[in-house]
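To start, the structure under review is shown below, and the notes come after it.
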Amino acid sequence: MYKSEQLAASLRNLIENGYWKENEKLPSLRQQVETSGFSLITVMNAYQELEAQGLIYSLEKKGYFIKEKNIKENHPNNIVMNDNIKINSTVFKYLKSIQSDNIIPFGSAFPDSQLLYSAKLMQMLGQKTKDQSTYQQTPSLPPGHFELRKQIAQRYSMQGIVTDPSDIVITSGGLDALNLSLQVLTQPGDYILLQETTFYGAWQAAEHLGLKVISIPDHPEGFDLEAFKNAIEIYPIKVCWLMLNSQNPIGYTVSDELKYEIAKILHEKEIYLIEDDVYEELYFDQKKPLSMKYFDQQNRVLHCSSFSKTLGAVFRVGWVYAGPFTEHIQHLQLMQTLSVNPLIQSTLSEYLSHRHYEKHLKNLRKNLKRLKLQYFQFFKDHLPENCTIEYFPSGYFLWIILPKNMNSHVIYNQLILKKISIAPSSLFTRNRLSNQIRVNCSFEISENIQYALDQLIQCVQMENDSLNTGQDQSIV
Ligand SMILES: Cc1ncc(COP(=O)(O)O)c(C=O)c1O
């Protein structure tokens with residue numbers, strides 16, 4: 001290997017590990033000669049090599065700078081090709097920051113536990129704990145507890161999706177189901193398609209598996225069909241990972257007509273879909289929205305869901321309707337998570353076999369609807385006029401769009417000092433505009449919560465005022 005290649009390789013390593021920020025200046029040629037001990041010509045060749053590889057760019061008389069690596073190409077319809085995704089450490093830091101017990105959890109992804117653990121469910125768990133026969137069974141190995149899979153299969157059938165328990169694999173939560181599905185369907189370097197603003201777990205999984213992500217822009221109807229069609233024409237997309245019901249973080253539910261259109265295209269192009277449907281039960285209207293699985297004629301949809309958003313983290317059991325991929329998923333499980341807690345599986349199966357779950361869901365929806373409307377009204381009345389609040393009749397998140405020049409991370413930083421969490425949009429999108437926040441509105445408005453809401457408003461107002469003042473000054 002030439003010396004210049006050696007130097008280029010070690011600089012590349014530093015760049016890819018985030019040693020320098022995007023658009024940051026690299027050491028000058030002279031500085032690099034001094035620190036590396038290589039000759040000027042070697043250093044110049046190394047920099048030119050990195051420029052040719054698209055990692056850095058040069059500006060005349062200014063030097064070399066780090067290229068914006070996440071976004072390589074922009075297409076019509078704002079389809080974006082994202083590779084070299086780096087989000088895991090951001091999510092890790094964020095989740096650590098909101099973990100302390102006394103934080104007011106507007107940033108949490110779980111509904112308030114007060115709404116989740118029904119007395120009946122906890123009583124059943126208590127009984128199961130005392131029952132010796134529960135411990136003698138070994139049905140926890142993949143694909144999971146048969147009775148639980150049967151109950152889940154029946155729930156699909158209630159929606160017109162005829163299902164056999166053998167199509168279903170029980171997993172350690174929804175995220176496990178999604179990750180296993182993605183592992184089964186992809187190899188490093190494959191192209192997958194995501195919605196631009198989406199659950200960070202999808203970005204993390206793509207980073208972890210070394211996938212290239214094509215993202216399509218957010219759309220008022222929840223899905224940009226034209227951009228989707230274009231993306232599929234331009235790139236060899238293997239898998240789409242979509243969330244179309246009560247989408248996290250924005251909250252919309254895509255219409256059945258649009259779902260049908262998407263399904264038709266997936267069918268024609270023989271593309272797989274991983275459907276994230278963990279909020280499927282949290283609709284406020286009379287009728288449960290259909291899943292994409294409903295339209296799946298070719299067994300190309302892997303439908304993933306979970307009990308964690310309806311019954312809480314203690315019952316964090318998920319599943320994937322994996323159809324022909326059940327074997328493969330089980331193989332992966334045997335090497336990774338191995339098994340899901342048998343006591344919890346057994347309790348869930350009993351709970352579902354009565355009408356308890358239905359009753360609980362009805363109550364939960366009623367409470368979430370009431371609380372979401374209360375929060376919506378509060379924000380509408382108190383946030384500055386240049387903010388928009390997206391309200392959709394499902395789930396427990398409000399998506400607040402702050403003025404374009406406001407950075408939601410600044411609001412997050414200020415609030416976390418006051419022990420209040422929110423979820424800034426940088427967790428969910430690679431888009432440079434980061435002026436949205438997700439607020440969990442499942443908490444009864446107690447004195448504490450009211451205080452936190454007031455702080456949030458005050459923070460946004462102050463930031464808004466200072467940005468406006470700054471703007472005025474710059475105009476003058
Ligand atoms: C959209 C979405 N998908 C999947 C998951 C993971 O679900 P679970 O907690 O069951 O692993 C979450 C959790 O926050 C989520 O918000």
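FYI, side chains are in, hydrogens and waters are out, and symmetry mates aren't considered; it's all heavy atoms of this structure. Every number for a ligand or one of its atoms is a count from 1 in the order of the listing.
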Between Tyr260 and Ser255, is there a side-chain donor-acceptor contact under 3.5 Å, judged purely by atom types and distance?
no
Between Ser100 and Asn102, does any side-chain donor sit less than 3.5 Å from a side-chain acceptor?
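Note: Ser100 and Asn102 side chains meet the donor-acceptor criterion.
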Taking the side chain as every heavy atom from C-beta outward, state whether Leu415 and Phe106 have any atom pair closer than 4.5 Å.
no
4.5 Å side-chain heavy-atom contact, Gln330 and Thr326
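With C-beta onward as the side chain, the pair touches.
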Among all protein heavy atoms, pick out the one at the shortest distance from [atom]; state its residue, atom name and that distance to 0.1 Å.
{"atom": "atom 6 (C) of ligand 1", "value": "Leu175 N, 3.5 Å"}
{"atom": "atom 1 (C) of ligand 1", "value": "Asp276 OD2, 3.2 Å"}
{"atom": "atom 14 (O) of ligand 1", "value": "Lys309 NZ, 2.7 Å"}
{"atom": "atom 11 (O) of ligand 1", "value": "Arg316 NH2, 2.7 Å"}

Minimum non-hydrogen distance to atom 5 (C) of ligand 1, winning option of Phe110, Trp319, Phe315, Phe199:
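Nearest heavy atom to atom 5 (C) of ligand 1 lies in Phe199.
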Looking only at non-hydrogen atoms, find the nearest pair between Ile265 and Leu225 and report the distance.
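Scanning both residues completely, I find the closest heavy atoms to be CD1-CD1, 4.0 Å.
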Leu194 versus Ala202, closest heavy-atom pair with distance
CD2-CB, 3.9 Å
At under 4.0 Å between heavy atoms, is it the side chain or the backbone of Leu178 that contacts ligand 1, or both, or neither?
side chain
Check each heavy atom of Tyr279 against ligand 1 and say whether those closer than 4.0 Å belong to the side chain, the backbone, both or neither.
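Side chain only.
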Ligand 1 and Asp176, any nitrogen or oxygen pair closer than 3.5 angstrom?
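It does not: no N or O of Asp176 is found under 3.5 Å from an N or O of ligand 1.
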Is there a polar contact between ligand 1 and Met243, counting only N or O atoms under 3.5 Å apart?
no
Pull out every atom of ligand 1 sitting under 4.0 Å from any heavy atom of [X], numbered as shown with elements.
{"X": "Asn248", "answer": "1 (C), 15 (C), 16 (O)"}
{"X": "Ala109", "answer": "14 (O)"}
{"X": "Gly173", "answer": "10 (O), 11 (O)"}

For this output row, return yes or no: ring centroids of Tyr351 and Phe315 closer than 6.0 angstrom.
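Not under 6.0 Å, so no.
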Aromatic ring proximity, centroids under 6.0 angstrom, Phe199 and Phe428:
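So the answer is no for these two rings.
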